[in-house]
Amino acid sequence: MKLYFKRTGGLAAISLSVTLDTDVLPAGDARFLHKLVDAVSFFDLPELMRSATPGIDRFRYEIKLEAEGRVKTIEIDESAVPEILRPLLEYLTGLARRKR
């Protein structure tokens, strides 16, 4: 499984991104990432999750997942993030921060 994550926007407009490949991650990290992705039924999520009232200083997330011969990209406004996605976004944001 390959996952590409990017967070843009925010008050300081500092972008964060990380690319992950479970074939090269440590086994425990790969299992944890699979668990987070499976928990949200990623391929069943809508491609766009937009807020009815977008804000200038809010974050925007983009996640592209390649797994089992399938590819899907989703884009999410910070104010439209469903609770079920928060653990995955927090994990990916943390990884992207450590990468910087």
Side-chain angles (χ1 to χ4, degrees):
M1 177 175 78
K2 292 182 182 175
L3 188 143
Y4 309 91
F5 168 77
K6 180 168 57 170
R7 186 189 79 180
T8 56
L11 187 60
I14 297 172
S15 293
L16 294 174
S17 64
V18 67
T19 299
L20 303 168
D21 184 340
T22 56
D23 290 339
V24 297
L25 284 175
D29 293 340
R31 278 191 302 275
F32 186 69
L33 183 58
H34 273 285
K35 180 180 173 184
L36 289 172
V37 168
D38 290 345
V40 300
S41 301
F42 190 87
F43 287 105
D44 295 332
L45 293 172
E47 292 179 1
L48 293 173
M49 292 180 227
R50 298 282 187 241
S51 173
T53 55
I56 292 174
D57 296 331
R58 294 187 179 152
F59 293 119
R60 172 172 269 149
Y61 303 95
E62 181 180 323
I63 303 171
K64 178 181 177 183
L65 182 69
E66 298 176 10
E68 301 169 6
R70 300 167 74 185
V71 178
K72 183 170 186 171
T73 302
I74 63 172
E75 296 178 22
I76 312 150
D77 288 344
E78 178 181 28
S79 58
V81 173
E83 281 302 313
I84 195 164
L85 263 178
R86 290 195 189 283
L88 177 61
L89 290 175
E90 289 170 6
Y91 179 70
L92 295 172
T93 300
L95 290 177
R97 281 188 179 130
R98 286 192 294 274
K99 179 189 158 252
R100 282 190 2 198

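Just so we're clear, the structure is a prediction, and the values are computed from it rather than from any experiment. FYI, side chains are in, hydrogens and waters are out, and symmetry mates aren't considered; it's all heavy atoms of this structure.
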Q.
Could you measure the distance from the CG atom of Asp38 to the CE atom of Met1? Nearest 0.5 Å is fine.
A. 7.5 Å
Q | Min side-chain heavy-atom separation Leu16-Arg97 under 4.5 Å | A | yes
Q. Is there any ring-ring contact (aromatic ring centres under 6.0 Å, His included) pair reaching into residues 61-94, and which pairs are they, with sequence neighbours excluded?
A. Phe32-Tyr91
Q) Would you say Ile63 and Leu88 make side-chain contact, with heavy atoms under 4.5 Å? A) yes
Q: Might you point out which heavy atoms bring Ala80 and Ser51 nearest each other, and give the distance in Å?
A: CB-N, 3.8 Å
**Q.** Flag side-chain contact, heavy atom, 4.5 Å: Phe5 against Leu20
**A.** no
Q) Is the closest side-chain heavy-atom distance between Ile74 and Met49 below 4.5 Å? A) yes
Q | CD-CG distance between Glu90 and Leu85, expressed to the nearest 0.5 angstrom | A | 10.5 Å
Q. In this structure, are over 12 heavy atoms from other groups packed under 6.0 Å from Arg50 atom CZ?
A. yes
Q.
Nearest 0.5 angstrom please: Ile84 CD1 to Leu45 CG, how far?
A. 8.0 Å
Q. Asp21 side chain to Asp23 main-chain N or O, any donor-acceptor pair under 3.5 Å?
A. yes
Q) Considering only heavy atoms from C-beta outward, does the side chain of Leu3 approach that of Leu92 to under 4.5 Å? A) yes
Q. Which pair of non-hydrogen atoms, one from Glu62 and one from Thr73, has the smallest distance, and what is that distance?
A. CG-CG2, 3.8 Å
Q | Value rounded to 0.5 Å, distance of CD in Glu78 from CG in Asp57 | A | 9.5 Å
**Q.** Within-4.5 Å side-chain heavy-atom neighbours: Arg60 and Thr8
**A.** yes
Q. Can you tell if the side chain of Lys6 reaches within under 4.5 Å of the side chain of Glu75, non-hydrogen atoms only?
A. no
Q.
Side-chain heavy atoms nearer than 4.5 Å, only ILVMFWY residues, links allowed to pass through others: does that put Phe43 and Val81 together?
A. yes
Q. Would you say Lys64's side chain and Tyr4's backbone share a donor-acceptor pair under 3.5 angstrom?
A. no
Q. How about Phe59 and Thr93: do any of their side-chain heavy atoms sit closer than 4.5 Å?
A. no
Q. Considering residues, nucleotides and ligands other than Lys2, do more than 12 of their heavy atoms fall under 6.0 Å from its NZ?
A. no
**Q.** Contacts of Arg86 that satisfy side chain to side chain donor-acceptor pair (under 3.5 Å) - sequence neighbours left out
**A.** Glu83
